[in-house]
Colleague: 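To start, I am sharing the structure in question, which I have written as structure tokens.
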There are 2 protein chains.
Amino acid sequence: MTVPLPKQEASSKERLRLWLRMLRVTRQVEAELRERLRLEYDSTLPRFDVMAALQRDPDGLKMNELSRRLRVSNGNVTGIVERLVDDGAVERIALEGDRRATLVRLTAAGRRAFAEMATAHEGWINALLDGVSEDDAHHIGELLHRLPADTGETT
Amino acid sequence: MTVPLPKQEASSKERLRLWLRMLRVTRQVEAELRERLRLEYDSTLPRFDVMAALQRDPDGLKMNELSRRLRVSNGNVTGIVERLVDDGAVERIALEGDRRATLVRLTAAGRRAFAEMATAHEGWINALLDGVSEDDAHHIGELLHRLPADTGETT
DNA sequence: GTATGAAATTTCAAGCTTGAAGTATATCCC
DNA sequence: GGGATATACTTCAAGCTTGAAATTTCATAC
């Protein structure tokens, strides 16, 4: 009788390799985006993310909800929003009926700034992912979608 | 004459979607890894990365080289190595013939600790990427490999 | 109405990360 | 040799991130 080795040894190694590659690609792309946001818009990726979330809800979001959507801690959002307020891109609004909560929304200037950055952002991504056809993109997207890690509502 | 619209509009959107999905998956996986390293080994992902790089070179690496391989800034490596030295996982060694440079290498304890973490790490990845067959992993890997963003030597 | 617990948010310490500035040493060139 | 330049590294300020500990306000149960 032969001793049964773990069945998935080969696929385990292959998955590890895939993970390392995904990590390297995303870090590289993120680094590019971060640098361009900094140089061209004097902004950052976290700020961009918050603005993107707010942009979808013209009436604003509670800090709560913002933190949940972005999947970052509450305390983290506090700091980022604070800087966005300083930038004049975002405003805090008292929520009627619950003095614990705050509503956060883009200012008019914030909406303008975001629109401009978002256009550039899409272009950068498009260039950085050059070489991935529409079909490939769709295909990889489907595969990733099956992962336990891909749980969420953002489109 | 019709005005020519940008040819790649559809694939641009598809690429953006792919990017957002990749970002979400990698962040999710990273968050899991970070938490488990913290809870089970009282360590962090950056420290794990440094140890992984050092593990391949028993003779040690210059700070220089470490920073280049990990693709992070010099100053960053300084801090991480400092904490690893405090942990007793890593040691600094003066380099003969160049008093500017320092060699960094794993201690015996560091090697043992890394071996244990690396095994767990591979298992975690394997579980988190469950659902990706060996073929799929290989296929996605190949696609990612074609990206401009995927430039590098790590296997 | 009041205590008790839940909810929304902020504060905090620690660590990671970067880009820029600073220090020390090495190398090059005359 | 000696001055200029390059290399290896550290320091620093600013920002991001987390988990844990406050703080304030709300809701619920008696």
Side-chain angles (χ1 to χ4, degrees), chain A residues 23 26-51 60-87 89-90 92-104, chain B residues 23 26-51 60-87 89-90 92-104:
Chain A
L23 196 55
T26 50
R27 281 184 180 171
Q28 182 66 41
V29 172
E30 275 194 285
E32 289 279 355
L33 297 178
R34 210 175 19 237
E35 184 179 8
R36 295 186 195 187
L37 279 176
R38 182 176 66 87
L39 295 177
E40 298 186 24
Y41 297 102
D42 192 25
S43 188
T44 68
L45 218 33
R47 297 212 252 263
F48 181 82
D49 289 344
V50 166
M51 292 175 81
L61 288 172
K62 292 202 308 181
M63 292 293 282
N64 219 0
E65 184 59 14
L66 201 43
S67 143
R68 202 183 59 73
R69 292 206 193 174
L70 299 174
R71 293 173 173 76
V72 300
S73 67
N74 289 343
N76 191 356
V77 174
T78 298
I80 299 172
V81 164
E82 201 167 296
R83 277 160 230 127
L84 283 172
V85 169
D86 291 348
D87 291 349
V90 142
R92 293 176 196 260
I93 297 162
L95 189 94
E96 293 293 309
D98 190 342
R99 287 189 299 174
R100 294 170 302 178
T102 319
L103 226 47
V104 178
Chain B
L23 196 54
T26 50
R27 281 183 180 172
Q28 181 67 40
V29 173
E30 274 194 286
E32 289 277 357
L33 297 178
R34 210 174 19 238
E35 184 179 8
R36 296 185 194 189
L37 280 175
R38 183 176 64 86
L39 295 178
E40 300 188 20
Y41 298 101
D42 193 25
S43 190
T44 68
L45 219 34
R47 297 213 253 263
F48 180 83
D49 289 344
V50 167
M51 291 175 82
L61 289 173
K62 292 203 307 181
M63 292 292 284
N64 218 359
E65 183 61 13
L66 203 43
S67 142
R68 201 182 60 74
R69 293 205 192 173
L70 299 174
R71 293 172 173 76
V72 299
S73 67
N74 289 343
N76 192 357
V77 175
T78 297
I80 299 172
V81 165
E82 202 166 295
R83 275 160 232 127
L84 283 172
V85 169
D86 291 347
D87 291 350
V90 142
R92 294 173 194 263
I93 297 161
L95 189 96
E96 293 293 309
D98 191 342
R99 287 191 299 173
R100 295 169 303 179
T102 318
L103 225 48
V104 177

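None of the values given here were measured: they were computed from a predicted structure. Naming: A, B, ... by sequence-line order, numbering from 1 per chain.
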Colleague: Can you pull every protein N or O that's under 3.5 Å from an N or O on nucleotides 24-26 of chain D?
Modeller:
| residue | atom | partner | partner atom | Å |
| --- | --- | --- | --- | --- |
| dC26(D) | OP1 | R99(A) | N | 2.9 |

Colleague: Taking the nucleotide of DNA chain D with the nearest heavy atom to each, does E35(B) or R47(A) sit closer to the 5' end?
Modeller: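 Nearest nucleotide further toward 5': that of R47(A).
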Colleague: Between side-chain atoms of residues 40-50 of chain B and protein atoms elsewhere (two or more places apart, or another chain), which donor-acceptor pairs fall under 3.5 Å?
Modeller:
| residue | atom | partner | partner atom | Å |
| --- | --- | --- | --- | --- |
| T44(B) | OG1 | R47(B) | N | 3.2 |

Colleague: Starting the side chain at C-beta, find the nucleotide from dG19(C), dT10(D), dA8(D) nearest to R38(A).
Modeller: dG19(C)
Colleague: Which whole-number value in Å describes the distance from R71(B) CZ to dT18(C) P?
Modeller: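 It works out to 12 Å between those atoms.
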Colleague: Between E30(A) and R27(A), is there a salt bridge with N-O shorter than 4.0 Å?
Modeller: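 Answer for the salt bridge query: no.
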Colleague: Report yes if a side-chain nitrogen or oxygen of K62(B) is closer than 4.0 Å to either non-bridging phosphate oxygen (OP1 or OP2) of dA8(D); otherwise report no.
Modeller: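 Yes, K62(B) has a side-chain N/O under 4.0 Å of OP1/OP2 on dA8(D).
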Colleague: L39(A) has an atom CG; how far is it from atom C1' of dT18(C), in whole Å?
Modeller: 12 Å
Colleague: Restricting to side chain to side chain contact (heavy atoms under 4.5 Å, CB included), what partner residues turn up for L103(A), sequence neighbours left out?
Modeller: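 In terms of side chain to side chain contact (heavy atoms under 4.5 Å, CB included), with neighbours along the sequence ignored, L103(A) is linked to K62(A), I93(A), L95(A).
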Colleague: If I take atom CG in residue L95(B) and atom P in nucleotide dA26(C), what distance separates them, rounded to the nearest angstrom?
Modeller: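 Roughly 10 Å, once rounded to whole Å.
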Colleague: How long is the straight-line distance from CZ of R36(B) back to CZ of R38(B), given to the nearest 0.5 Å?
Modeller: 12.5 Å
Colleague: What does I80(B) touch in the nucleic acid at a heavy-atom separation under 4.0 angstrom: a base, only the sugar-phosphate, or nothing?
Modeller: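 Touches sugar-phosphate only.
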Colleague: As a check on the pairing definition, encode DNA chain C in dot-bracket form, counting Watson-Crick and G-U wobble pairs whose two distances are under 3.5 Å, and using | for partners outside this strand.
Modeller: ||||||||||||||||||||||||||||||
Colleague: Using atom CG of L66(B) as one end and atom P of dC9(D) as the other, report the distance to the nearest whole Å.
Modeller: 10 Å
Colleague: Is there a side-chain polar atom (N or O) of N74(B) under 4.0 Å from OP1 or OP2 of dC9(D)?
Modeller: no
Colleague: Does R27(B) reach a base, just sugar-phosphate, or nothing at all? Heavy atoms under 4.0 Å.
Modeller: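 Answer is nothing: R27(B) stays at 4.0 Å or more from every strand.
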Colleague: If you compare every side-chain N and O of N76(A) against the phosphate oxygens of dT18(D) (OP1, OP2), does one of them come in below 4.0 Å?
Modeller: yes
Colleague: Taking atom C1' of dA7(C) as reference, at what distance in whole Å does atom CE of M63(A) sit?
Modeller: 15 Å
Colleague: Among L61(A), N74(A), T102(A), exactly one meets side-chain contact (heavy atoms from CB on, under 4.5 Å) together with L66(A). Which residue is that?
Modeller: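 Single side-chain contact (heavy atoms from CB on, under 4.5 Å) partner of L66(A) among L61(A), N74(A), T102(A): L61(A).
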Colleague: Quick check on DNA chain C: between G79(B) and V77(A), whose nearest nucleotide comes earlier from the 5' end?
Modeller: V77(A)
Colleague: How long is the line joining CZ of R34(B) and P of dA14(C), in whole Å?
Modeller: 19 Å
Colleague: What residues form a salt bridge (charged side-chain N to carboxylate O under 4.0 Å, His left out) with R100(A), not counting sequence neighbours?
Modeller: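 In terms of salt bridge (charged side-chain N to carboxylate O under 4.0 Å, His left out), with neighbours along the sequence ignored, R100(A) is linked to D98(A).
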Colleague: Using a heavy-atom cut-off of 4.0 Å across all strands, would you classify T44(B) as base, sugar-phosphate, or nothing?
Modeller: sugar-phosphate
Colleague: In whole angstrom, what separates L70(A)'s CG from dT18(D)'s P?
Modeller: 10 Å
Colleague: Which whole-number value in Å describes the distance from L45(B) CG to dT18(D) P?
Modeller: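 These atoms are roughly 13 Å apart.
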Colleague: With sequence neighbours excluded, tell me which residues meet side chain to side chain contact (heavy atoms under 4.5 Å, CB included) with N76(A).
Modeller: V72(A), S73(A), I80(A)
